[in-house]
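Letters go in sequence order (proteins before strands), and every chain restarts at 1. Source: prediction; values computed, not measured. When reading the values below, keep in mind they use all heavy atoms of this one structure, side chains included, and skip hydrogens, waters and symmetry mates.
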Protein chains: 2
Amino acid sequence: MVSGDAGRPVTIDDVATQAQVSRATVSRVMNGLATVDPAIAERVRRAVELLQYRPSETARSLSLGRTNTVAVLVPDLANPMFQSILRGVTRAAAEDGFRVLVGDTQETPDAERDAAIQARRRCDALVLCAPRMGETDLEAVLAAASPVAVVNRGIEAGAVPQVSMDYEQAIGLLVEHLVGLGHRHLVYAGGPPTSASNRLRGLGLDAALARRPDLRIDRVSVGSTLEDGFASAAQVLGTGASAVLAFNDLVALGLLSRLRELDVAVPERLSVVGVDDIPFARFSTPALTTVHVPQEALGVQAWRQLHQVMRGDGAPGPLWLEGSLEVRASTGPVPA
Amino acid sequence: MVSGDAGRPVTIDDVATQAQVSRATVSRVMNGLATVDPAIAERVRRAVELLQYRPSETARSLSLGRTNTVAVLVPDLANPMFQSILRGVTRAAAEDGFRVLVGDTQETPDAERDAAIQARRRCDALVLCAPRMGETDLEAVLAAASPVAVVNRGIEAGAVPQVSMDYEQAIGLLVEHLVGLGHRHLVYAGGPPTSASNRLRGLGLDAALARRPDLRIDRVSVGSTLEDGFASAAQVLGTGASAVLAFNDLVALGLLSRLRELDVAVPERLSVVGVDDIPFARFSTPALTTVHVPQEALGVQAWRQLHQVMRGDGAPGPLWLEGSLEVRASTGPVPA
DNA sequence: TTGTAGGCGTTATCAT
DNA sequence: ATGATAACGCCTACAA
């Protein structure tokens, strides 16, 4: 696709002619293959330089049967979470000489299946981030688009590489922290009902309740954005809880903003925690207590697992990444 | 790359055999080309369905001479600005049937040139976001990788599609706003010296000074991140200015966080403004006065211009997008 | 309307 | 060590 001065792309044939050798030799030089007479190799290199020859990746792909490209499909490119995962995959894949083709399904589960199959036609592998599609479609995609790695959607299938954040554990850390501060009545400001990661958080709450029967945890459905958090204040305060577990940091920060408007002192009257540890969490007022989630690592590990499968080194088991508690100023002792 | 049950990818030949027709006919049916006998077309479609045939995009690309893919190169995938641009390009390009290959040069100007040429080999076009490379390299890339669109780097070259944010105008809006509140001594917390957009902001300051000779604007070099803003408090306060213009919202919010720790009342003692209107600007304490920048539109317009050139409809002139003032709570009258 | 054959640019096999 | 030649999978004149 890169053209010379004439406008017509310069091909391997042009170089061969210029250097007075065969295409095969040019190819060998370009790929550093086999042993080529140094003098001839030099002649070829000069011709390459002279003509500004760049091999066609498309032709190479066709001949080699691989594109050295991996597709990453996310539900929403605007979500900081998926941006981080995308960055992780991009950087990790680059280390192995792979490029990334990005697809954004814009939160329309119906489009995911086709988008996945479609993306896969041009790439050697696929990373599926938090797919929203149904179980049946997902299985079909996993079969049709293999090799595929799945991020943040716990699935049963054994042979497919997958890496997920252990939100159940994350919630456990937060509940323990709050309990340690004396809180006994909590409220969970939940995320999208269809989200697999929201389900995991719910399991974390269940586990916490099982451990501490004296605990009360109300659950309200809020959403996943700053706006959702902002709008949830009344609902959250209505429960009378002394601490709120937000679905994520965005919700927590949105809520914090509204609480300040309402003159609800945090953490004196209400403790607030989030999940993710996005960069802003440290800079809010008050700074947000949260669980640090290695988002970019999710992408990195997804690629590593995928690459392992592509090399034929067998399928690794599901990988669960754990978070760590970041105690900041938004949590404090339960009000007397 | 999608394989049938046998493991071997199913090709157009397999379908032709199955449907008892020639490859050409299968191709025609797949592309809805020409007029094919309905009965035969149906036979082909059944064969396609039966064999789960998916044409090889690679082979199509080689034959057609285009990939229907555009590369987007950004200095840093972690920067919210570039994420928005990427999203804009991805969505706009998708409407025209194009996919996006993303590249992250990780803020290493030396890597940009090769990355650009490299990315372009697999794609039909290239979007260069705020390239950090030198003028010479840039011109070389523009020539070698055409068609290229450039975002947020004002360049002289006339024929290349480019769209940039008019930061000069943005700064003008902010200065006028502050002047209207009575401020006469401002400080600019500047961004990276090599950044073209930082230079534009400087021009905005110059223009404002030209309009209002009674104004004093100190300039300090701060950076572009939350951390940079946080760390700049002493430097900023040291100037004695009554209002600070931050390079962007990140810097402004980081500064806000630190000012709160220092018990410097905003806006009572110091007014603070940013640039970008990132989602958080609305939710900080106090909410940040800033200029709304249509970041995603930058990406959308870049694609539109690029696509126009690719269609041979001629090169559009440079496009400058303008921001709009968002007055919030972080600015107020100059202290008595 | 359908089929035949050549070409897209590269790599890889096999002679030489 | 080098050069023909045949893939790779698809599209598209051109011929029938």
Side-chain angles (χ1 to χ4, degrees), chain A residues 1-4 6-45 47-48 51-69 120-124, chain B residues 1-4 6-45 47-48 51-69 120-124:
Chain A
M1 312 293 152
V2 173
S3 56
R8 185 182 56 80
V10 22
T11 76
I12 199 172
D13 271 312
D14 301 324
V15 178
T17 303
Q18 172 73 28
Q20 317 246 48
V21 296
S22 71
R23 292 184 307 211
T25 297
V26 176
S27 177
R28 283 190 275 257
V29 172
M30 292 305 292
N31 296 296
L33 271 183
T35 130
V36 178
D37 184 284
I40 295 198
E42 185 50 32
R43 227 163 63 207
V44 170
R45 269 188 285 271
V48 166
L51 301 174
Q52 285 290 301
Y53 166 64
R54 306 275 179 260
S56 154
E57 285 290 341
T58 305
R60 297 196 77 224
S61 294
L62 183 59
S63 187
L64 293 171
R66 62 185 154 76
T67 62
N68 273 25
T69 302
R120 184 58 182 70
R121 283 169 57 194
R122 178 177 297 283
C123 301
D124 299 332
Chain B
M1 312 291 154
V2 174
S3 56
R8 186 181 55 79
V10 22
T11 77
I12 199 173
D13 270 312
D14 300 325
V15 178
T17 304
Q18 171 73 29
Q20 316 247 51
V21 297
S22 73
R23 294 182 307 209
T25 297
V26 176
S27 176
R28 284 191 273 259
V29 172
M30 292 305 292
N31 297 299
L33 270 183
T35 121
V36 178
D37 185 283
I40 296 200
E42 184 51 31
R43 226 163 63 207
V44 170
R45 270 188 284 272
V48 167
L51 301 175
Q52 284 291 298
Y53 167 64
R54 306 276 179 260
S56 154
E57 285 290 341
T58 305
R60 296 196 80 229
S61 295
L62 182 59
S63 187
L64 294 170
R66 60 183 155 78
T67 62
N68 273 25
T69 302
R120 183 61 183 68
R121 283 169 58 195
R122 172 177 302 283
C123 301
D124 299 334

Ignoring hydrogens and geometry, is there a side-chain-to-backbone donor-acceptor pair from [X] to [Y] under 3.5 Å?
| X | Y | result |
| --- | --- | --- |
| A/R120 | A/C123 | yes |
| A/R121 | B/P55 | yes |
| A/R60 | A/S63 | no |
| B/R122 | A/T67 | yes |

Once you round to the nearest 0.5 Å, how far does [atom1] of [X] lie from [atom2] of [Y]?
| X | Y | atom1 | atom2 | value |
| --- | --- | --- | --- | --- |
| A/Q20 | A/T25 | CD | OG1 | 12.5 Å |
| B/Q18 | B/Y53 | CD | OH | 14.0 Å |
| B/S61 | A/L62 | OG | CG | 9.5 Å |

For C/dG9, take OP1 and OP2 only and decide whether either is under 4.0 Å from a side-chain N or O of A/T11.
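For C/dG9, neither OP1 nor OP2 has a side-chain N or O of A/T11 closer than 4.0 Å.
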Filtered N/O pairs between nucleotides 11-14 of chain D and protein, under 3.5 Å:
residue: D/dC11; atom: OP1; partner: B/N31; partner atom: ND2; Å: 3.3
residue: D/dC11; atom: OP1; partner: B/R60; partner atom: NE; Å: 2.5
residue: D/dC11; atom: OP1; partner: B/R60; partner atom: NH2; Å: 3.2
residue: D/dC11; atom: OP2; partner: B/S27; partner atom: OG; Å: 2.9
residue: D/dC11; atom: O4'; partner: B/S63; partner atom: OG; Å: 2.7

Quick one: [X] [atom1] to [N] [atom2], roughly how many Å, whole number?
| X | N | atom1 | atom2 | value |
| --- | --- | --- | --- | --- |
| B/I40 | C/dG3 | CD1 | C1' | 11 Å |
| B/L62 | C/dC8 | CG | P | 9 Å |
| B/R54 | D/dG9 | CZ | P | 17 Å |
| B/D14 | D/dC8 | CG | C1' | 14 Å |
| A/D37 | D/dG3 | CG | P | 11 Å |

* Are A/M30 and A/V48 close enough that some pair of their side-chain heavy atoms sits under 4.5 Å apart? ->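 Yes, close enough: below the 4.5 Å cut-off.
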5' priority, DNA chain C, between B/Q20 and A/D13 [closest heavy atom]:
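Per heavy-atom nearest nucleotide, the more 5' residue is B/Q20.
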Checklist entry - So how far off straight is the helix from C/dT1-D/dA16 to C/dT16-D/dA1, going by the axes through five pairs at either end, to 10°? => result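 Answer rounded to 10°: the end axes differ by 40°.
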